[in-house]
There are 2 protein chains.
Amino acid sequence: MALKKSYDLLENVDPWICIASKLSLSIRVVSAIYRKHLKAHNVTMSQLSLLMVIGKHKSLPQSEIGKILKLERSTVTRDLKRMIDQGYFVKKGDKTRQVIYITDKGASYVESIIPDWRAATQEAKTKLGEDGEQALDLVLHKLMG
Amino acid sequence: MALKKSYDLLENVDPWICIASKLSLSIRVVSAIYRKHLKAHNVTMSQLSLLMVIGKHKSLPQSEIGKILKLERSTVTRDLKRMIDQGYFVKKGDKTRQVIYITDKGASYVESIIPDWRAATQEAKTKLGEDGEQALDLVLHKLMG
DNA sequence: TTTATTTAGTTGCATATACAACAAAAGTTT
DNA sequence: AAACTTTTGTTGTATATGCAACTAAATAAA
């Protein structure tokens with residue numbers, strides 16, 4: 001089972017200096033908190049983000065959604081499709097300039113979820129603490145800036 | 001297209017106070033940096049994490065891997081399977097106590113990737129700045145603690 | 001020691017995500 | 001106006017991920 005050679009780079013590397021790994025780990029911890037609170041609503045954070053972002057504007061061009069959430073076009077197409085099928089959004093417009101509208105069903109749905117979403121956010125904030133929350137804002141600001 | 005009612009909670013909510021959304025956005029930005037640098041190696045960050053973590057220990061019980069990377073058991077099973085199929089790891093042991101070993105092929109592979117991984121990490125660090133990097137460490141520390 | 005419980009791994013199912021290739025529409029150049 | 005370029009949306013393909021249900025093995029309780 002032993003390796004035939006020695007691997008210096010590998011032996012001396014520290015996987016935990018990886019920025020992507022740190023963020024991945026962080027999102028897994030936080031996602032679990034949100035999933036727990038949102039479970040009864042049968043909604044994911046990705047879906048809730050769409051509901052809240054589009055809902056707040058009442059409607060958004062599909063092309064804007066990807067820009068706002070930094071999602072690839074095909075991801076937006078398919079994430080929306082599932083929710084259109086469920087009646088939370090409708091799509092209007094021609095082939096290349098689609099506009100997505102939230103429906104009353106979608107708006108009611110997101111309103112029913114918001115209290116639990118707030119609770120999840122509160123739990124996450126408590127875990128982060130005041131300083132942790134500010135730190136996260138700084139990270140985001142640096143990355144988006 | 002207009003909504004039939006008004007939705008107070010929805011109109012007044014700020015989607016961007018969401019901790020999960022902030023982290024999701026952050027990871028998308030950082031992932032893109034790593035994908036760009038790792039593209040030529042045809043490897044993802046998830047795979048590279050497995051290679052580095054297991055490789056550094058030479059071997060790890062499968063059950064440990066999920067604990068270290070905070071991944072669900074089934075995710076570990078399948079992420080490993082793809083890489084075992086490619087010959088980067090081997091699996092030894094009985095039905096419920098598996099141990100995963102890195103192979104020479106896997107160790108060579110990860111060593112060939114490390115320089116570009118370092119470059120990606122450097123680019124991400126530059127974007128974050130010294131303060132942003134410390135902020136990320138604080139976030140992770142708070143969430144894991 | 002037998003029984004009950006916990007731990008470990010797998011498989012079915014569903015969502016989320018990106019890239020490449022394609023088609024169609026919109027915008028720009030000439 | 002015609003030709004070229006960019007933007008937008010979709011579909012094929014692949015990886016990543018979690019939950020539920022199941023099996024099997026290990027551990028604890030009786």
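Nothing here was measured: the structure is a model prediction, and the numbers come from that model.
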Does a side-chain N or O from B:Lys70 land closer than 4.0 Å to OP1 or OP2 of D:dA16, or not? no
Of the candidate nucleotides D:dT17, D:dT10, D:dG18, which contains the atom at the shortest distance from the side chain of A:Ser74? D:dT10
Check whether the side chain of A:Arg78 and the base of D:dG9 form a donor-acceptor pair under 3.5 Å. no
Rounded to the Å, how far apart are B:Asn42 CG and D:dT13 C1'? 13 Å
B:Glu72 CD - D:dA21 C1' separation (whole Å): 12 Å
Using only heavy-atom distances, determine whether the side chains of A:Thr121 and A:Tyr34 contain a donor-acceptor pair under 3.5 Å. yes
Between B:Ser46 and A:Pro61, whichever has its closest DNA chain D nucleotide further toward 5' is A:Pro61
Assign B:Thr75 to base, sugar-phosphate, or nothing according to its heavy-atom contacts below 4.0 angstrom with the strands shown. base
Classify A:Gln98 by what it touches in the nucleic acid, base, sugar-phosphate, or nothing, heavy-atom distance under 4.0 Å. sugar-phosphate
Please find the pair of heavy atoms, one from A:Val139 and one from B:Ser26, that lie closest to each other, and give the distance. CG1-OG, 4.3 Å
Take the protein atom CE of A:Met45 and the nucleotide atom C1' of D:dT17, then report the distance between them rounded to whole Å. 16 Å
Check the hydrophobic clustering (I, L, V, M, F, W, Y; side-chain heavy atoms under 4.5 Å; chains of links allowed) and say if A:Leu71 and B:Ile33 are grouped together. no
Of D:dT17, D:dA20, D:dT13, the nucleotide closest to the side chain of B:Leu71 is D:dT17
Could you give the start and end, 5' to 3', of the contact zone on DNA chain C for chain B, using atoms under 4.0 Å from its heavy atoms? C:dA8 to C:dA20
In terms of side-chain heavy atoms of B:Asp94, which of D:dT17, D:dA25, D:dT15 is nearest? D:dA25
Contact class for B:Thr77 (heavy atom, under 4.0 Å): base, sugar-phosphate, or nothing? base
Hey, does B:Lys81 reach any base, or is it just sugar-phosphate, or nothing, if we go heavy atoms under 4.0 Å? nothing
What is the separation between atom CG on A:Leu23 and atom C1' on D:dT17, rounded to the nearest whole Å? 17 Å
Is any NZ, NE, NH1 or NH2 atom of the basic residue among B:Lys58 and A:Glu11 found under 4.0 Å from an Asp or Glu carboxylate oxygen of the other? yes
If you look at every strand shown and take non-hydrogen atoms under 4.0 Å, does A:Lys67 touch a base, only sugar-phosphate, or nothing? sugar-phosphate
Kindly check if the number of other-residue, nucleotide or ligand heavy atoms within 6.0 Å of NZ (A:Lys81) is above 12? no
When A:Thr96 and B:Arg97 are each assigned the nearest nucleotide of DNA chain C, the 5'-most assignment goes to B:Arg97
ILVMFWY cluster, A:Ile54 and A:Met52 together (side-chain gap under 4.5 Å): yes
For A:Leu25 and D:dA16, give me the distance from atom CG to atom C1', rounded to whole Å. 15 Å
Taking CZ from B:Arg82 and P from D:dT15, how many angstroms apart are they, rounded to a whole number? 5 Å
Whole-Å distance separating the CZ atom of A:Arg35 from the P atom of D:dT17: 11 Å
Taking all atoms of both residues into account, what is the closest heavy-atom pair of B:Leu3 and A:Ala107, and its distance? CD1-CB, 4.4 Å
D:dG18 phosphate, OP1 or OP2, under 4.0 Å from A:Lys36 side-chain N/O: no
I need the OH-P distance between A:Tyr34 and D:dG18, as an integer number of Å. 17 Å
Under 3.5 Å, side chain of A:Glu72 to main-chain N/O of A:Ser74, donor-acceptor pair present? yes
